[in-house]
There are 2 protein chains.
Amino acid sequence: MEARAQLFQDAMGFSGISGLEIKKLAAMATMQRFSKGQMVFEQDQPCDYFHLVASGLVKVYICSASGYRMTYLLARRGEPLNLVGPFTGDPRFLCAEAMQATEVAHIPRHDFVRFVAANPILFSNIMAILSKAVDSANSRLIDMVEKRVEERLLRVLLTLLDKFGSEIRLTSAELAELAGTTVETTLRTMARLRSLGIIESERGQIKIIRPASLKNPERLPLWV
Amino acid sequence: MEARAQLFQDAMGFSGISGLEIKKLAAMATMQRFSKGQMVFEQDQPCDYFHLVASGLVKVYICSASGYRMTYLLARRGEPLNLVGPFTGDPRFLCAEAMQATEVAHIPRHDFVRFVAANPILFSNIMAILSKAVDSANSRLIDMVEKRVEERLLRVLLTLLDKFGSEIRLTSAELAELAGTTVETTLRTMARLRSLGIIESERGQIKIIRPASLKNPERLPLWV
DNA sequence: TAGCCTCTATGACCACGGTCATACAAAAGT
DNA sequence: ACTTTTGTATGACCGTGGTCATAGAGGCTA
């Protein structure tokens, strides 16, 4: 219970809430463990809970009819999986899958919405996060049209560098889903980056050797 | 003043607000006229106002460094141009441009945010709209990866058909910015659709002859 | 130790669509 | 009535990157 309160205290978007209110929030939450590969929620399901990652790593992705996936968010401790969903309750086409052993806090959506209404500062916090999410989606949309795969991958790597540091524990398939390309093209491009001395890689792990070469001033990190 | 109140009464996202509150909102608004091609707001400007279209048509688009444009929203009477911006005030990279003679209502952002806080139902309304916007952006992202230009254009045409009817007064350049492709490819694709008897077109105008052929069950309209 | 699955790696192929070029008709401006 | 601009139309070219195929190495389970 104390740990749960600490989780919400640290959580993205919950700053500015009093300790008392945080305790109320913690009291509404239930915790659940997921092992690698397990789904936290699936697409086309109604949204009944607000989800917040307590530990581990969860990827949120959209899944097309033909099975194509596009990763949209990599959430770790303190990051919410679905900020919009609880307000409408409607099914969306997002899925969330644990990438490691993970613990997630669930809050029934009506409790969450009532809590937000009672703490209007959350409105602005949520809006600030959403504005980043919308901008990021639009920015990726532009990238898909005018940037080649290498540039998109570099942007993904820069983003991951900022978020996780220079040791990135993702496979090429996972990178491909972030950059919007195929595994083969990702592998080819990574080979080129390796030959340029920008990265080193081994099975399931990428190490960024020259972070400076990613930090092109006109290349902004995504919001992932 | 009466007309302004009527505008907010009809506006998307403002349902469920009492007549008295609507009048307050109308009192905060100022109206401004724009002629074709004029900018309502530009990218990288701080957001000081909430904007609502009163008449005419405004396109909201993102503009990349290399000048590439991607149209994101076609807003007509009753549709807001920037739901997120007023909450943060931060500059984004969206631009809004009048496509015809247009009238837009402006509300100072702080007034708007206070009004929303005082009428919490607006928050759910806004969230419902934002969820569509985010979903639409993500859905277009997937389309960019896995759908060819013709399919993307058909989806754009279906969307426009639903929103504006079978007579669409847009140029090929404007369609290209909606579908995420070039003018040339749009023209070539339109030629093919014309030869299939799906559309007719003349300068600045497209007429959908066989709406049924667009309504593929697995092709959903975008949110534009 | 064998068997299986995942991840990495790379070659061959080729089509979609972007780029550049030219041409012409219709508006719009002077 | 003239020029300029905007929108439509099409041809030619070719590069990026998707698809399919094969192969091997690392890791997990029995």
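Order of the sequence lines fixes the chain letters, A, B, ..., with proteins taken first and strands second; residue numbering starts at 1 for each chain.
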Can you find a heavy atom in the side chain of B:S55 that is under 4.5 Å from one in the side chain of B:T102?
no
Derivation and outcome, side chain to side chain contact (heavy atoms under 4.5 Å, CB included), residues A:Y72 and B:V134:
CA-CA 11 Å; A:Y72 166 72; B:V134 175; 3.5 Å; yes
Would you say A:Q45's side chain and A:E42's backbone share a donor-acceptor pair under 3.5 angstrom?
yes
Can you find a heavy atom in the side chain of B:Q43 that is under 4.5 Å from one in the side chain of B:L94?
no
From the 5' end of DNA chain C to its 3' end, which nucleotides mark the outer limits of contact with chain A, defined by a 4.0 Å heavy-atom distance cut-off (strictly under)?
C:dT6 to C:dA12
Of B:E97, B:E174, B:E177, the residue whose pairing with B:Y61 passes side-chain hydrogen bond (donor to acceptor under 3.5 Å, both in side chains):
B:E97
Tabulated below should be each protein N or O lying under 3.5 Å from an N or O of nucleotides 13-17 of chain D; please produce it.
{"unit_1": "D:dG17", "atom_1": "OP1", "unit_2": "A:V149", "atom_2": "N", "d": "2.7"}

Show each protein N/O and nucleotides 4-9 of chain D N/O combination with a separation under 3.5 Å, one pair to a line.
{"unit_1": "D:dT6", "atom_1": "O2", "unit_2": "B:R203", "atom_2": "NH1", "d": "3.4"}
{"unit_1": "D:dT6", "atom_1": "O2", "unit_2": "B:R203", "atom_2": "NH2", "d": "2.9"}
{"unit_1": "D:dG7", "atom_1": "O4'", "unit_2": "B:R203", "atom_2": "NH1", "d": "3.4"}
{"unit_1": "D:dG7", "atom_1": "O4'", "unit_2": "B:R203", "atom_2": "NH2", "d": "3.4"}
{"unit_1": "D:dT8", "atom_1": "OP1", "unit_2": "B:G204", "atom_2": "N", "d": "3.1"}
{"unit_1": "D:dT8", "atom_1": "OP2", "unit_2": "B:S172", "atom_2": "N", "d": "2.9"}
{"unit_1": "D:dT8", "atom_1": "OP2", "unit_2": "B:S172", "atom_2": "OG", "d": "3.3"}
{"unit_1": "D:dA9", "atom_1": "OP2", "unit_2": "B:R194", "atom_2": "NH2", "d": "2.9"}

Please walk me through it: do B:K163 and B:R76 pass side chain to side chain contact (heavy atoms under 4.5 Å, CB included)?
CA-CA 10 Å; B:K163 180 154 181 172; B:R76 54 181 175 181; 3.6 Å; yes
Measure the shortest side-chain to side-chain distance between B:C47 and B:R92 over non-hydrogen atoms and say whether it is less than 4.5 angstrom.
no
Side chain proximity check, B:Y49 to B:P86, heavy atoms < 4.5 angstrom:
no
So if I apply the side chain to side chain contact (heavy atoms under 4.5 Å, CB included) rule between A:L214 and each of A:T159, A:V156, A:D162, A:L157, which one comes out positive?
A:L157
With side chains defined as the heavy atoms from C-beta onward, is the minimum distance between A:R219 and A:L154 less than 4.5 Å?
yes
